[in-house]
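Written out below as structure tokens is the structure these notes cover.
Just so you know, residue 1 is the first one in the sequence shown, and it goes up from there. Any value given below was found using the heavy atoms of this structure, including those in side chains, with hydrogens, waters and symmetry copies removed. Model, not experiment: these values are computed from the prediction.
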Amino acid sequence: MAMFNPPHPGRLVLHKFIRDEDGNELNSVANVAKQLGCHRNTLNQLITGKTAVSIEMALALEKNKAGSAEMWLTMQMNYDLFALRQAAA
């Protein structure tokens with residue numbers, strides 16, 4: 001069953017690694033990017049919803065105990081599919 005209006009996966013990355021639910025900073029984008037093995041700009045593009053979770057990023061998140069790569073890719077697919085359906089409606 002498809003989720004209604006699923007959030008962009010980058011939003012979950014933001015709240016898991018960088019800010020808590022109240023907006024308090026947990027870590028910097030630069031530190032998290034280093035931890036994930038990506039450039040700071042790459043991570044920023046993801047958490048702002050401007051880019052999708054790539055297979056490489058999904059694996060990096062999995063290695064950092066943030067859930068399985070399959071989970072991240074499924075979330076991205078659900079988000080993309082919902083956006084396409086909305087655009088076609």
Q) Rounded to the nearest 0.5 Å, how far apart are NE2 of H15 and CD1 of I47? A) 9.5 Å
Q. Counting only N and O atoms by type, is there a donor-acceptor contact under 3.5 Å from the side chain of N64 to the main-chain atoms of A60?
A. yes
Q. Does the side chain of L26 reach to within under 4.5 Å of the side chain of D20, using non-hydrogen atoms?
A. yes
Q: Treat each ILVMFWY residue as a node, draw an edge where side-chain heavy atoms are under 4.5 Å apart, and state whether M75 and F82 are in one component.
A: no
Q: Could you list the residues that satisfy side-chain contact (heavy atoms from CB on, under 4.5 Å) with A30, not counting sequence neighbours?
A: S28, R40
Q. With sequence neighbours excluded, what pairs up with D80 under the side-chain contact (heavy atoms from CB on, under 4.5 Å) test?
A. Q76
**Q.** Test side-chain contact (heavy atoms from CB on, under 4.5 Å) applied to K50 - qualifying residues, sequence neighbours left out
**A.** Q45, T48
Q: Can you sort out the partners of E62 under side chain to side chain donor-acceptor pair (under 3.5 Å), two or more places apart, ordered by chain and number?
A: none
(Q) Once ring-ring contact (aromatic ring centres under 6.0 Å, His included) is applied, do any residues pair with F17, and if so which ones, sequence neighbours excluded? (A) none
Output side-chain donor-acceptor pairs under 3.5 Å for residues 66-73, partner residues at least two apart or in another chain, one line each.
unit_1 : atom_1 : unit_2 : atom_2 : d
S68    : OG     : M71    : N      : 3.0
W72    : NE1    : A66    : O      : 2.9

Q) Going hydrophobic residue to hydrophobic residue with side-chain gaps under 4.5 angstrom, can you get from L12 over to Y79? A) no
Q: For D22, check side chain to side chain donor-acceptor pair (under 3.5 Å) against everything at least two apart and list the hits.
A: none
Q: Determine, step by step, whether Q86 and N5 satisfy the side-chain contact (heavy atoms from CB on, under 4.5 Å) criterion, reporting the C-alpha distance in whole Å, the side-chain angles of both residues, the deciding distance to 0.1 Å, and the verdict.
A: CA-CA 9 Å; Q86 292 302 303; N5 197 13; over 6 Å; no
Q: Examine M57 and L14 and state if one hydrophobic cluster contains both, with Ile, Leu, Val, Met, Phe, Trp and Tyr joined whenever side-chain heavy atoms are less than 4.5 Å apart.
A: yes
Q: Evaluate whether atom CD1 of I55 has more than 12 neighbouring non-hydrogen atoms of other residues, nucleotides or ligands under 6.0 angstrom away.
A: no
**Q.** Distance in Å, K63 NZ paired with L36 CG, rounded so as to fall on 0.5 Å steps
**A.** 11.0 Å
**Q.** Residue pairs passing the ring pair (Phe, Tyr, Trp, His ring centres under 6.0 Å) test where at least one lies in residues 31-63, sequence neighbours excluded
**A.** none
Q. Which residues satisfy the salt bridge (charged side-chain N to carboxylate O under 4.0 Å, His left out) test with E25, sequence neighbours excluded?
A. R19
Q. For the atom pair CG (N78) and CZ (F4), what is the distance rounded to the nearest 0.5 Å?
A. 14.0 Å
**Q.** Chi angles and distances behind the side-chain contact (heavy atoms from CB on, under 4.5 Å) call for V13, L43
**A.** CA-CA 9 Å; V13 173; L43 181 58; 4.0 Å; yes
Q) From L46 CG over to T51 OG1, what is the distance, rounded to the nearest 0.5 angstrom? A) 7.0 Å
Q: Measure the spacing between CG of N44 and OG1 of T42 and express it to the nearest 0.5 Å.
A: 9.5 Å
